[in-house]
2 protein chains.
Amino acid sequence: MTTSTDSDHLLDLLKASGARITKPRRVIVRILAEKGGQHPDAMDIFRRAVREDSRISLPTVYRTLKVLEEQGAIQRHAFSDGRSRYEPAAGEHHDHLIDMDTGDVIEFHSEKIEQLQEEIARELGYEIVHHRLELYGRKRKAGKRR
Amino acid sequence: MTTSTDSDHLLDLLKASGARITKPRRVIVRILAEKGGQHPDAMDIFRRAVREDSRISLPTVYRTLKVLEEQGAIQRHAFSDGRSRYEPAAGEHHDHLIDMDTGDVIEFHSEKIEQLQEEIARELGYEIVHHRLELYGRKRKAGKRR
DNA sequence: GAGCAGATGATAATGATTTTCAATACTGCA
DNA sequence: TGCAGTATTGAAAATCATTATCATCTGCTC
Ligand SMILES: [Mn+2]
Ligand SMILES: [Mn+2]
Ligand SMILES: [Zn+2]
Ligand SMILES: [Zn+2]
């Protein structure tokens with residue numbers, strides 16, 4: 001169980017930024033550090049948070065997420081489903097493949113693609129600040145000819 | 001001036017789907033087929049439309065855009081600025097580089113990247129239905145070392 | 001433990017997009 | 001060309017996710 005550690009890391013980032021460590025923030029940060037069910041949206045987090053402390057409000061969830069994002073502690077993604085989804089910014093950069101049937105989010109990374117992107121931007125006279133690469137697909141059915 | 005032709009093409013697609021060719025639709029389609037100022041959002045289109053026919057309403061703009069999208073006549077993009085942006089689905093597939101300072105949208109295409117995406121999805125057991133690749137950057141300043 | 005700035009919850013506000021619904025205008029047909 | 005019947009429209013209200021307001025509360029420093 002690395003839960004405690006990851007959670008503490010987020011709290012440290014918060015503290016370092018001069019923010020106060022409040023009860024709601026403890027709960028929200030703990031949820032973000034949880035292993036299963038990644039890329040939750042604000043409502044997902046809110047629902048889980050309420051289970052731990054029924055007084056927590058949705059605005060506080062949003063406010064905490066915003067602070068964490070500004071601190072670079074978490075990342076916000078806007079997949080094509082309206083809401084924003086969040087994930088701790090721990091690991092290295094990666095992009096996402098979204099299962100259109102289940103909604104599952106699969107992470108991947110291609111150094112080749114990353115480099116090609118840089119190359120393209122350079123040729124166009126630009127410097128990439130950030131990018132977004134999302135693949136939307138469905139599981140390949142068995143019988144693949146060829 | 002290919003304007004007339006492009007516009008007519010969109011109208012044909014509409015007609016083919018059994019939709020009625022109304023005055024507002026003519027105006028909106030004409031605007032979408034215009035050459036300059038591409039990737040307009042609904043409000044952009046609405047403002048231009050009102051100039052041609054002050055009776056046109058925003059909901060009608062949205063409704064027409066939706067019909068056109070369902071017909072595959074136009075594509076909707078959700079760049080990271082809240083609103084959706086539209087463009088005729090005429091040409092070949094391409095991705096976008098957004099100038100973070102000016103908001104300019106530059107189109108590009110990399111067959112290599114497209115193939116790498118397919119490869120990655122296949123390895124993960126998926127078939128790509130569609131994808132989204134957006135580069136956000138700023139113009140590279142002169143003095144580039146190296 | 002007191003004091004105060006920052007944080008919270010309840011509630012209203014936003015902004016983009018969609019829905020409702022009565023009035024209107026395309027279209028195919030007489 | 002005239003009409004009926006239905007798709008489409010405009011005005012206004014509703015949605016949805018997210019943010020702002022503001023009075024109250026609470027970490028945190030001394
Ligand atoms: Mn991820
Ligand atoms: Mn484009
Ligand atoms: Zn990437
Ligand atoms: Zn592409």
Side-chain angles (χ1 to χ4, degrees), chain A residues 8 10-31 39-47 49-71 73-86 103, chain B residues 10-32 39-47 49-71 73-86 103:
Chain A
D8 288 349
L10 290 180
L11 286 180
D12 286 344
L13 288 176
L14 267 186
K15 202 173 301 180
S17 78
R20 292 180 182 174
I21 305 306
T22 67
K23 194 167 195 173
R25 284 179 177 171
R26 269 181 221 286
V27 173
I28 294 168
V29 150
R30 193 177 304 137
I31 291 172
H39 305 94
D41 61 32
M43 186 51 85
D44 289 334
I45 296 169
F46 173 61
R47 277 189 288 256
V50 165
R51 267 186 258 148
E52 300 198 36
D53 180 343
S54 67
R55 276 161 298 183
I56 291 178
S57 69
L58 227 205
T60 289
V61 169
Y62 275 109
R63 280 185 292 236
T64 299
L65 288 172
K66 176 172 289 184
V67 174
L68 286 168
E69 192 195 355
E70 287 168 346
Q71 246 47 56
I74 64 175
Q75 264 186 281
R76 167 165 49 176
H77 301 295
F79 298 151
S80 57
D81 60 8
R83 330 105 288 143
S84 288
R85 302 179 161 281
Y86 305 80
Chain B
L10 290 180
L11 285 181
D12 286 343
L13 288 176
L14 268 186
K15 202 172 302 180
S17 78
R20 291 178 182 176
I21 305 306
T22 66
K23 195 170 198 173
R25 285 178 176 171
R26 268 182 222 286
V27 173
I28 293 168
V29 150
R30 193 178 302 135
I31 291 171
L32 283 168
H39 305 97
D41 60 35
M43 188 50 86
D44 289 334
I45 296 169
F46 173 62
R47 276 190 288 257
V50 165
R51 266 186 257 147
E52 300 198 35
D53 180 342
S54 66
R55 275 161 299 183
I56 291 178
S57 69
L58 226 205
T60 289
V61 170
Y62 276 108
R63 280 185 291 236
T64 300
L65 289 172
K66 175 171 290 185
V67 175
L68 286 168
E69 192 194 356
E70 287 166 347
Q71 245 46 57
I74 64 174
Q75 263 186 279
R76 167 165 48 177
H77 301 295
F79 299 151
S80 57
D81 60 7
R83 297 137 273 168
S84 289
R85 303 179 159 281
Y86 306 79

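Letters go in sequence order (proteins before strands), and every chain restarts at 1.
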Inset, instruction - Could you pull out the closest heavy-atom pair between A:Pro24 and A:Ile56, with the gap in Å? - result: CA-CD1, 4.0 Å

Inset, instruction - Specify the separation, in whole Å, of atom CZ of A:Phe46 and atom P of C:dT8. - result: 14 Å

Inset, instruction - Among residues two or more places apart or on two chains, list those pairs meeting salt bridge (charged side-chain N to carboxylate O under 4.0 Å, His left out) that have a residue in residues 49-71 of chain B. - result: B:Arg30-B:Glu52, B:Asp53-B:Arg55, B:Glu69-B:Arg76

Legend entry - Between the first and last five pairs of the helix from C:dG1-D:dC30 to C:dA30-D:dT1, the angle of the axes, rounded to 10 degrees: 30°

Legend entry - 5' to 3' contact window, DNA chain D with chain B (heavy-atom distance under 4.0 Å): D:dG5 to D:dA12

Inset, instruction - Please list, by residue number, the residues of residues 56-63 of chain A whose heavy atoms come closer than 4.0 Å to an atom of DNA chain C; answer none if no residue qualifies. - result: A:Ile56, A:Ser57, A:Pro59, A:Thr60, A:Arg63

Legend entry - For A:Val29, the option from A:Leu11, A:Asp8, A:Ile21 that meets side-chain contact (heavy atoms from CB on, under 4.5 Å): A:Leu11

Legend entry - Pairing residues for A:Arg83 by the side chain to side chain donor-acceptor pair (under 3.5 Å) criterion, not counting sequence neighbours: A:Asp41

Inset, instruction - For the residue pair A:Ile28 and A:Thr60, establish whether any side-chain heavy-atom pair is separated by less than 4.5 Å. - result: yes

Inset, instruction - Could I get the full list of ring pair (Phe, Tyr, Trp, His ring centres under 6.0 Å) partners for B:Tyr62, not counting sequence neighbours? - result: none

Inset, instruction - Just jot down the side chain to side chain donor-acceptor pair (under 3.5 Å) partners of A:Ser80, sequence neighbours excluded, or say none. - result: A:Tyr136

Legend entry - Contact list for residues 16-27 of chain B, test salt bridge (charged side-chain N to carboxylate O under 4.0 Å, His left out), sequence neighbours left out: none

Legend entry - A:Asp12: side chain to side chain donor-acceptor pair (under 3.5 Å) partners, not counting sequence neighbours: none

Legend entry - Residue-level proximity of residues 18-29 of chain A to DNA chain D when a heavy atom falls under 4.0 Å: A:Arg20, A:Ile21

Legend entry - Separation of atom CZ in B:Arg85 from atom C1' in C:dG15, rounded to whole Å: 15 Å

Inset, instruction - Kindly give the heavy-atom pair with the smallest separation between B:Tyr86 and B:Ile45, and that separation in Å. - result: CD1-CD1, 4.5 Å

Legend entry - Residues from residues 73-84 of chain A lying under 4.0 Å of DNA chain C - heavy atoms: none

Inset, instruction - Please report, rounded to the nearest Å, how far the C1' atom of C:dA25 is from the CG atom of B:Asp53. - result: 13 Å

Legend entry - With A:His39 via ring pair (Phe, Tyr, Trp, His ring centres under 6.0 Å) - residues at least two apart: A:His96

Legend entry - Nearest heavy atoms of B:Ala42 and B:Val61, plus distance in Å: O-CG1, 3.8 Å

Inset, instruction - Go through B:Met43 and B:Leu58 one step at a time and tell me if the side chain to side chain contact (heavy atoms under 4.5 Å, CB included) criterion holds. - result: CA-CA 7 Å; B:Met43 188 50 86; B:Leu58 226 205; 4.0 Å; yes

Inset, instruction - Indicate the atoms forming the closest heavy-atom contact of B:Leu13 with B:Ala73, along with that distance. - result: CD1-CB, 3.4 Å

Inset, instruction - Apply the side-chain contact (heavy atoms from CB on, under 4.5 Å) test between B:Leu32 and each candidate in B:Thr64, B:Ile74, B:Val27; give the one that qualifies. - result: B:Ile74

